[in-house]
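Order of appearance sets the numbers: ligands from 1, and atoms from 1 within every ligand.
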Amino acid sequence: DLGDFDTYMLKEIFEQPQSLENCLRGRIDDDAASAKFGGLNVDVQDLRHVDRIVLTACGTSWHAALVGEYLIEEFARIPVEVEYASEFRYRNPPMTDRTMTFAITQSGETADTLAALRESRRKGHATMAICNVVGSTIAREADGGIYLHAGPEIGVASTKAFTSQVTSMMLLALYLGRMRHLSFPAGQRLIKQMRQLPQLVEKTLACNEAVAKIATKYFDRNNFLYLGRLYNFPVALEGALKLKEISYIHAEGYPAAEMKHGPIALVDEVTPSVFVVPHGTMYPKVMSNLEEVKARKGPVIAIACEGDKEISAAADDVIFVPDVEEYLQPIVTSIPLQLLAYHIAILRGCNVDRPRNLAKSVTVE
Ligand code: F6R
(Lines give C-alpha, C1' and ligand atoms only; values in the text may rest on other atoms or scores of the structure.)
Protein backbone atom coordinates (compact mmCIF):
# COMPACT_ATOMS: atom_id res chain seq x y z
CA ASP A 1 0.00 0.00 0.00
CA LEU A 2 1.59 3.23 -1.17
CA GLY A 3 -0.59 5.57 0.89
CA ASP A 4 0.15 9.17 -0.10
CA PHE A 5 3.29 8.26 -2.03
CA ASP A 6 3.83 7.59 -5.73
CA THR A 7 6.66 5.14 -5.21
CA TYR A 8 7.79 2.63 -2.61
CA MET A 9 11.22 4.21 -2.53
CA LEU A 10 9.90 7.59 -1.39
CA LYS A 11 7.52 5.94 1.05
CA GLU A 12 10.37 3.94 2.55
CA ILE A 13 12.61 7.00 2.81
CA PHE A 14 9.85 8.75 4.75
CA GLU A 15 9.28 5.71 6.96
CA GLN A 16 12.71 6.06 8.52
CA PRO A 17 11.65 7.80 11.75
CA GLN A 18 9.35 4.83 12.37
CA SER A 19 11.75 2.12 11.22
CA LEU A 20 14.46 3.46 13.53
CA GLU A 21 12.01 3.65 16.40
CA ASN A 22 11.22 -0.02 15.76
CA CYS A 23 14.89 -0.92 15.57
CA LEU A 24 15.57 0.66 18.96
CA ARG A 25 12.44 -0.63 20.68
CA GLY A 26 13.16 -2.94 23.60
CA ARG A 27 16.88 -2.89 22.94
CA ILE A 28 18.00 -0.24 25.39
CA ASP A 29 18.98 -1.36 28.85
CA ASP A 30 18.95 1.80 30.97
CA ASP A 31 19.92 0.01 34.19
CA ALA A 32 23.11 -1.28 32.60
CA ALA A 33 23.58 1.76 30.32
CA SER A 34 23.88 -0.81 27.57
CA ALA A 35 21.93 -2.56 24.84
CA LYS A 36 20.11 -5.88 24.92
CA PHE A 37 19.22 -8.31 22.18
CA GLY A 38 16.73 -11.15 22.23
CA GLY A 39 18.38 -13.35 19.66
CA LEU A 40 22.15 -13.19 19.79
CA ASN A 41 22.28 -16.65 21.41
CA VAL A 42 25.81 -16.19 22.69
CA ASP A 43 27.12 -16.57 26.14
CA VAL A 44 28.24 -13.24 27.68
CA GLN A 45 31.58 -14.84 28.58
CA ASP A 46 32.15 -15.86 24.98
CA LEU A 47 31.26 -12.40 23.75
CA ARG A 48 33.69 -10.93 26.23
CA HIS A 49 36.47 -12.97 24.63
CA VAL A 50 35.81 -11.95 21.04
CA ASP A 51 39.03 -10.35 19.81
CA ARG A 52 38.15 -9.72 16.19
CA ILE A 53 34.99 -9.18 14.21
CA VAL A 54 34.37 -9.78 10.53
CA LEU A 55 31.47 -7.93 8.96
CA THR A 56 30.53 -9.40 5.61
CA ALA A 57 27.91 -8.11 3.16
CA CYS A 58 27.21 -6.85 -0.38
CA GLY A 59 26.18 -3.50 -1.84
CA THR A 60 24.41 -1.09 0.48
CA SER A 61 24.72 -3.53 3.35
CA TRP A 62 28.48 -3.49 2.80
CA HIS A 63 28.41 0.30 3.13
CA ALA A 64 26.51 -0.06 6.40
CA ALA A 65 29.22 -2.51 7.50
CA LEU A 66 31.87 0.16 6.90
CA VAL A 67 30.03 2.46 9.30
CA GLY A 68 29.76 -0.49 11.68
CA GLU A 69 33.52 -0.96 11.58
CA TYR A 70 34.09 2.62 12.72
CA LEU A 71 31.43 2.33 15.43
CA ILE A 72 32.63 -0.98 16.87
CA GLU A 73 36.27 0.04 16.79
CA GLU A 74 35.54 3.38 18.43
CA PHE A 75 33.19 2.20 21.17
CA ALA A 76 34.23 -1.41 21.77
CA ARG A 77 37.89 -1.22 20.68
CA ILE A 78 37.63 -4.57 18.89
CA PRO A 79 39.45 -4.82 15.54
CA VAL A 80 36.94 -5.12 12.72
CA GLU A 81 37.40 -6.30 9.16
CA VAL A 82 34.81 -5.51 6.52
CA GLU A 83 34.69 -8.06 3.73
CA TYR A 84 32.71 -8.18 0.52
CA ALA A 85 30.86 -11.47 0.92
CA SER A 86 31.79 -12.43 -2.65
CA GLU A 87 35.48 -12.07 -1.80
CA PHE A 88 35.36 -13.48 1.70
CA ARG A 89 33.75 -16.74 0.59
CA TYR A 90 36.73 -17.62 -1.60
CA ARG A 91 39.56 -15.66 0.00
CA ASN A 92 40.16 -17.77 3.08
CA PRO A 93 41.59 -15.00 5.31
CA PRO A 94 43.24 -16.07 8.58
CA MET A 95 40.85 -15.82 11.52
CA THR A 96 41.63 -16.24 15.21
CA ASP A 97 39.53 -18.71 17.16
CA ARG A 98 37.96 -15.74 18.91
CA THR A 99 36.76 -14.13 15.70
CA MET A 100 33.04 -13.57 15.36
CA THR A 101 31.38 -13.02 11.99
CA PHE A 102 28.31 -10.92 11.27
CA ALA A 103 26.56 -11.26 7.91
CA ILE A 104 24.65 -8.07 7.16
CA THR A 105 21.75 -8.40 4.78
CA GLN A 106 18.36 -6.83 4.25
CA SER A 107 16.82 -9.75 2.37
CA GLY A 108 18.62 -12.59 4.10
CA GLU A 109 18.78 -14.32 0.72
CA THR A 110 21.83 -12.82 -1.01
CA ALA A 111 23.75 -15.77 -2.46
CA ASP A 112 27.25 -14.47 -1.76
CA THR A 113 26.37 -13.40 1.78
CA LEU A 114 24.81 -16.80 2.45
CA ALA A 115 27.94 -18.55 1.16
CA ALA A 116 30.14 -16.29 3.34
CA LEU A 117 28.02 -17.19 6.36
CA ARG A 118 28.29 -20.90 5.58
CA GLU A 119 32.05 -20.65 5.12
CA SER A 120 32.45 -18.85 8.44
CA ARG A 121 30.27 -21.41 10.25
CA ARG A 122 32.05 -24.32 8.59
CA LYS A 123 35.29 -23.04 10.09
CA GLY A 124 33.66 -23.05 13.50
CA HIS A 125 33.23 -19.34 14.04
CA ALA A 126 30.19 -17.98 15.81
CA THR A 127 28.30 -16.42 12.91
CA MET A 128 25.50 -13.94 13.36
CA ALA A 129 23.06 -12.27 11.02
CA ILE A 130 21.98 -8.63 11.00
CA CYS A 131 18.95 -9.10 8.85
CA ASN A 132 15.58 -7.60 8.01
CA VAL A 133 13.53 -10.48 6.66
CA VAL A 134 12.33 -12.73 9.46
CA GLY A 135 12.74 -16.42 8.67
CA SER A 136 14.95 -15.80 5.62
CA THR A 137 17.63 -18.34 4.78
CA ILE A 138 20.44 -16.35 6.37
CA ALA A 139 18.38 -15.62 9.49
CA ARG A 140 17.65 -19.34 9.83
CA GLU A 141 21.18 -20.57 9.23
CA ALA A 142 22.95 -18.06 11.48
CA ASP A 143 23.84 -18.95 15.06
CA GLY A 144 21.95 -15.89 16.21
CA GLY A 145 21.50 -12.29 15.30
CA ILE A 146 19.72 -9.00 15.26
CA TYR A 147 16.57 -8.30 13.26
CA LEU A 148 16.29 -4.81 11.83
CA HIS A 149 12.49 -4.58 12.26
CA ALA A 150 12.46 -2.08 9.37
CA GLY A 151 9.32 -3.60 7.85
CA PRO A 152 9.15 -4.81 4.25
CA GLU A 153 11.43 -2.95 1.88
CA ILE A 154 9.84 -3.12 -1.57
CA GLY A 155 11.83 -0.52 -3.54
CA VAL A 156 14.82 -2.21 -5.12
CA ALA A 157 17.16 0.52 -3.87
CA SER A 158 17.79 -0.05 -0.19
CA THR A 159 17.02 2.98 2.00
CA LYS A 160 15.41 2.31 5.37
CA ALA A 161 17.30 -0.96 5.74
CA PHE A 162 20.59 0.97 5.55
CA THR A 163 19.75 3.31 8.43
CA SER A 164 18.46 0.40 10.50
CA GLN A 165 21.61 -1.61 9.83
CA VAL A 166 23.71 1.31 11.02
CA THR A 167 21.51 1.75 14.10
CA SER A 168 21.72 -1.98 14.92
CA MET A 169 25.49 -1.81 14.78
CA MET A 170 25.43 1.26 17.00
CA LEU A 171 23.53 -0.80 19.58
CA LEU A 172 26.01 -3.64 19.09
CA ALA A 173 28.97 -1.29 19.56
CA LEU A 174 27.39 0.01 22.76
CA TYR A 175 26.76 -3.53 24.04
CA LEU A 176 30.27 -4.80 23.26
CA GLY A 177 31.77 -1.55 24.49
CA ARG A 178 30.01 -1.78 27.85
CA MET A 179 31.61 -5.23 28.35
CA ARG A 180 34.96 -3.61 27.84
CA HIS A 181 36.21 -0.05 28.11
CA LEU A 182 33.05 2.01 27.88
CA SER A 183 32.02 3.50 31.23
CA PHE A 184 28.49 3.72 32.62
CA PRO A 185 28.21 7.49 31.97
CA ALA A 186 29.61 7.07 28.46
CA GLY A 187 26.98 4.38 27.82
CA GLN A 188 24.26 6.65 29.17
CA ARG A 189 25.39 9.44 26.90
CA LEU A 190 25.26 7.20 23.83
CA ILE A 191 21.80 6.00 24.77
CA LYS A 192 20.56 9.54 25.18
CA GLN A 193 21.81 10.42 21.71
CA MET A 194 20.45 7.28 20.09
CA ARG A 195 16.99 7.84 21.53
CA GLN A 196 16.85 11.11 19.59
CA LEU A 197 17.48 9.44 16.24
CA PRO A 198 13.85 9.01 15.07
CA GLN A 199 13.14 12.66 15.84
CA LEU A 200 16.35 13.81 14.16
CA VAL A 201 15.45 11.83 11.05
CA GLU A 202 12.01 13.43 11.05
CA LYS A 203 13.69 16.86 11.11
CA THR A 204 16.13 15.82 8.39
CA LEU A 205 13.30 14.82 6.06
CA ALA A 206 12.21 18.45 5.98
CA CYS A 207 15.03 18.96 3.45
CA ASN A 208 13.00 17.12 0.80
CA GLU A 209 11.74 20.21 -1.00
CA ALA A 210 15.15 21.85 -1.06
CA VAL A 211 16.64 18.64 -2.45
CA ALA A 212 13.93 18.41 -5.13
CA LYS A 213 14.80 21.92 -6.23
CA ILE A 214 18.53 21.22 -6.38
CA ALA A 215 17.82 18.10 -8.44
CA THR A 216 16.25 20.22 -11.20
CA LYS A 217 19.58 21.98 -11.62
CA TYR A 218 21.72 18.88 -12.03
CA PHE A 219 19.58 16.01 -13.32
CA ASP A 220 20.99 16.22 -16.86
CA ARG A 221 24.62 15.62 -15.82
CA ASN A 222 26.52 12.48 -16.82
CA ASN A 223 28.90 12.14 -13.87
CA PHE A 224 28.85 12.88 -10.15
CA LEU A 225 31.45 12.70 -7.40
CA TYR A 226 30.56 12.05 -3.76
CA LEU A 227 33.03 12.90 -1.03
CA GLY A 228 33.12 12.54 2.74
CA ARG A 229 35.47 11.52 5.53
CA LEU A 230 35.45 9.20 8.54
CA TYR A 231 31.84 8.30 9.37
CA ASN A 232 30.75 10.07 6.20
CA PHE A 233 33.07 8.21 3.86
CA PRO A 234 30.71 5.21 3.63
CA VAL A 235 27.87 7.72 3.22
CA ALA A 236 29.62 9.09 0.13
CA LEU A 237 29.90 5.56 -1.28
CA GLU A 238 26.24 4.91 -0.53
CA GLY A 239 25.12 8.23 -2.07
CA ALA A 240 26.98 7.38 -5.27
CA LEU A 241 25.50 3.87 -5.38
CA LYS A 242 21.94 5.20 -4.93
CA LEU A 243 22.39 7.62 -7.82
CA LYS A 244 23.94 4.99 -10.10
CA GLU A 245 21.35 2.34 -9.56
CA ILE A 246 18.18 4.38 -9.97
CA SER A 247 19.16 7.24 -12.31
CA TYR A 248 21.84 5.40 -14.37
CA ILE A 249 24.20 8.34 -13.93
CA HIS A 250 27.83 7.44 -13.41
CA ALA A 251 28.84 8.35 -9.87
CA GLU A 252 31.82 7.63 -7.67
CA GLY A 253 32.32 7.98 -3.95
CA TYR A 254 35.66 8.61 -2.28
CA PRO A 255 37.10 9.61 1.05
CA ALA A 256 37.47 13.34 0.37
CA ALA A 257 41.24 13.41 0.85
CA GLU A 258 41.70 10.82 -1.91
CA MET A 259 40.55 13.43 -4.45
CA LYS A 260 44.04 14.71 -5.00
CA HIS A 261 45.33 11.23 -5.81
CA GLY A 262 43.46 10.99 -9.07
CA PRO A 263 39.72 11.72 -9.07
CA ILE A 264 40.26 15.49 -9.07
CA ALA A 265 41.21 15.09 -12.73
CA LEU A 266 37.51 14.46 -13.37
CA VAL A 267 36.46 17.86 -12.03
CA ASP A 268 35.19 20.23 -14.70
CA GLU A 269 32.48 22.88 -15.01
CA VAL A 270 29.65 20.39 -15.41
CA THR A 271 30.53 17.54 -13.05
CA PRO A 272 28.90 18.09 -9.65
CA SER A 273 30.76 17.11 -6.49
CA VAL A 274 28.56 16.26 -3.54
CA PHE A 275 30.47 17.04 -0.35
CA VAL A 276 29.27 15.56 2.92
CA VAL A 277 30.68 18.17 5.23
CA PRO A 278 28.93 18.33 8.60
CA HIS A 279 30.58 19.89 11.65
CA GLY A 280 33.23 17.76 13.32
CA THR A 281 36.92 17.05 13.48
CA MET A 282 37.25 16.77 9.71
CA TYR A 283 35.30 19.92 8.82
CA PRO A 284 38.28 22.18 7.99
CA LYS A 285 39.96 19.43 5.99
CA VAL A 286 36.89 18.61 3.93
CA MET A 287 36.27 22.31 3.41
CA SER A 288 39.71 22.70 1.92
CA ASN A 289 39.00 19.77 -0.45
CA LEU A 290 35.78 21.54 -1.37
CA GLU A 291 37.68 24.73 -2.13
CA GLU A 292 40.06 22.80 -4.39
CA VAL A 293 37.07 21.68 -6.44
CA LYS A 294 35.65 25.21 -6.55
CA ALA A 295 39.04 26.58 -7.67
CA ARG A 296 38.71 24.26 -10.68
CA LYS A 297 35.20 25.57 -11.36
CA GLY A 298 33.50 22.34 -10.31
CA PRO A 299 29.89 22.75 -9.11
CA VAL A 300 29.52 21.79 -5.45
CA ILE A 301 26.47 20.50 -3.57
CA ALA A 302 27.16 20.40 0.17
CA ILE A 303 25.44 18.41 2.89
CA ALA A 304 26.14 20.56 5.94
CA CYS A 305 24.90 21.25 9.45
CA GLU A 306 22.18 23.71 10.29
CA GLY A 307 23.88 26.81 11.60
CA ASP A 308 26.92 26.48 9.35
CA LYS A 309 27.72 30.06 8.40
CA GLU A 310 30.61 29.44 6.03
CA ILE A 311 29.09 26.87 3.76
CA SER A 312 26.67 28.98 1.74
CA ALA A 313 29.51 31.14 0.44
CA ALA A 314 31.66 28.11 -0.38
CA ALA A 315 29.19 25.79 -2.13
CA ASP A 316 26.76 26.34 -5.02
CA ASP A 317 23.96 24.52 -3.24
CA VAL A 318 23.54 23.44 0.36
CA ILE A 319 21.30 20.87 2.00
CA PHE A 320 21.13 21.36 5.74
CA VAL A 321 20.85 18.52 8.25
CA PRO A 322 20.65 18.58 12.07
CA ASP A 323 23.97 19.04 13.86
CA VAL A 324 24.60 15.72 15.66
CA GLU A 325 27.53 13.81 17.17
CA GLU A 326 29.92 12.50 14.54
CA TYR A 327 28.99 8.84 15.05
CA LEU A 328 25.32 9.64 14.42
CA GLN A 329 26.00 11.61 11.26
CA PRO A 330 25.61 8.73 8.76
CA ILE A 331 21.95 8.45 9.75
CA VAL A 332 21.19 12.09 9.02
CA THR A 333 23.58 12.68 6.11
CA SER A 334 22.52 9.60 4.12
CA ILE A 335 18.91 10.80 3.93
CA PRO A 336 19.43 13.85 1.67
CA LEU A 337 21.53 11.63 -0.60
CA GLN A 338 18.69 9.10 -0.86
CA LEU A 339 16.37 11.98 -1.75
CA LEU A 340 18.80 13.50 -4.24
CA ALA A 341 19.10 10.20 -6.12
CA TYR A 342 15.33 9.83 -5.99
CA HIS A 343 14.48 13.26 -7.41
CA ILE A 344 17.14 13.08 -10.11
CA ALA A 345 15.88 9.66 -11.21
CA ILE A 346 12.27 10.89 -11.34
CA LEU A 347 13.30 13.92 -13.42
CA ARG A 348 15.05 11.56 -15.83
CA GLY A 349 11.88 9.50 -16.16
CA CYS A 350 13.35 6.40 -14.50
CA ASN A 351 11.38 3.72 -12.71
CA VAL A 352 12.86 4.18 -9.24
CA ASP A 353 11.20 1.15 -7.68
CA ARG A 354 12.29 -1.21 -10.42
CA PRO A 355 15.55 -0.02 -11.91
CA ARG A 356 16.81 -1.84 -14.98
CA ASN A 357 19.06 -4.89 -14.59
CA LEU A 358 18.50 -5.12 -10.82
CA ALA A 359 16.60 -7.48 -8.57
CA LYS A 360 15.60 -6.94 -4.96
CA SER A 361 17.47 -9.97 -3.78
CA VAL A 362 20.42 -11.36 -5.62
CA THR A 363 20.06 -15.10 -5.20
CA VAL A 364 22.61 -16.00 -7.87
CA GLU A 365 26.35 -15.85 -7.48
C1 F6R B 1 21.43 -1.16 -3.20
C2 F6R B 1 20.98 -2.51 -2.96
C3 F6R B 1 21.96 -3.64 -3.07
C4 F6R B 1 21.83 -4.53 -1.84
C5 F6R B 1 22.70 -5.80 -1.99
C6 F6R B 1 22.68 -6.65 -0.75
O7 F6R B 1 20.41 -0.26 -3.02
O8 F6R B 1 19.85 -2.73 -2.64
O9 F6R B 1 23.26 -3.17 -3.22
O10 F6R B 1 22.21 -3.80 -0.72
O11 F6R B 1 22.27 -6.54 -3.10
O12 F6R B 1 21.37 -7.05 -0.45
P13 F6R B 1 20.99 -7.63 0.95
O14 F6R B 1 21.16 -6.55 1.96
O15 F6R B 1 19.55 -8.06 0.82
O16 F6R B 1 21.91 -8.78 1.22
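- Taking the six-membered ring for Trp and thresholds of 30 and 60 degrees, Y84 and W62 have nearly parallel ring planes, at less than 30 degrees apart.
- From the protein, the heavy atom lying nearest to atom 6 (C) of ligand 1 is C58 O, 3.3 Å.
- Heavy-atom proximity to atom 8 (O) of ligand 1, evaluated over L241, V156, D112, I130, is greatest for V156.
- Taking a 4.0 Å cut-off on heavy atoms, S361 fails to register as neighbouring ligand 1.
- Checking each of E326, E325, Q329, E74 against Y231 for a side chain to side chain donor-acceptor pair (under 3.5 Å) leaves exactly one that passes, namely E74.
- Ligand 1 has a nitrogen or oxygen under 3.5 angstrom from a nitrogen or oxygen of S158.
- Annotation for ligand 1: atoms under 4.0 Å from non-hydrogen atoms of S61 are 10 (O), 13 (P), 14 (O).
- With no hydrogens or angles considered, a side-chain donor-acceptor pair links D51 and T96 at under 3.5 Å.
- A donor and an acceptor atom, one from each side chain of N22 and K160, are nowhere located under 3.5 Å apart.
- The protein atom (non-hydrogen) at minimum distance from atom 12 (O) of ligand 1 is T110 OG1, 3.4 Å.
- Numbered from 1 in the order shown, with element, the atoms of ligand 1 that lie under 4.0 Å from a heavy atom of A157 read 7 (O).
- Of the protein's non-hydrogen atoms, the one nearest atom 2 (C) of ligand 1 is T60 OG1, 3.8 Å.
- In the displayed structure, K285 atom NZ is contacted under 6.0 Å by at most 12 heavy atoms of other residues, nucleotides or ligands.
- Of the N or O atoms in T113, none lie within a sub-3.5 Å distance of an N or O in ligand 1.
- Side-chain atoms of H125 and D97 form no donor-acceptor pair, as typed in the model, at a separation below 3.5 Å.
- Of the heavy atoms in K360, none comes closer than 4.0 Å to ligand 1.
- Atom 11 (O) of ligand 1 has its closest protein heavy atom at V362 CG2, 4.1 Å.
- Atom numbering of ligand 1 starts at 1 in the shown order; those under 4.0 Å from a heavy atom of K242 are 1 (C), 7 (O).
- For S158 and T60, the side-chain atoms include no donor-acceptor pair closer than 3.5 Å.
- Scanning A341, G155, S107 for the heavy atom closest to atom 15 (O) of ligand 1 points to S107.
- Taking a 6.0 Å sphere around CG of D4, one finds it holds 12 or fewer heavy atoms contributed by other residues, nucleotides or ligands.
- From the protein, the heavy atom lying nearest to atom 7 (O) of ligand 1 is E245 OE2, 2.4 Å.
- Here T105 has heavy atoms under 4.0 Å from ligand 1 in both its backbone and its side chain.
- Aromatic pair F37/Y175: ring centres closer than 6.0 Å.
- The two residues L174 and G187 come nearest to each other via the heavy atoms CD1-CA, 3.8 Å.
- Contacts with ligand 1 closer than 4.0 Å are made by no heavy atom of E109, backbone or side chain.
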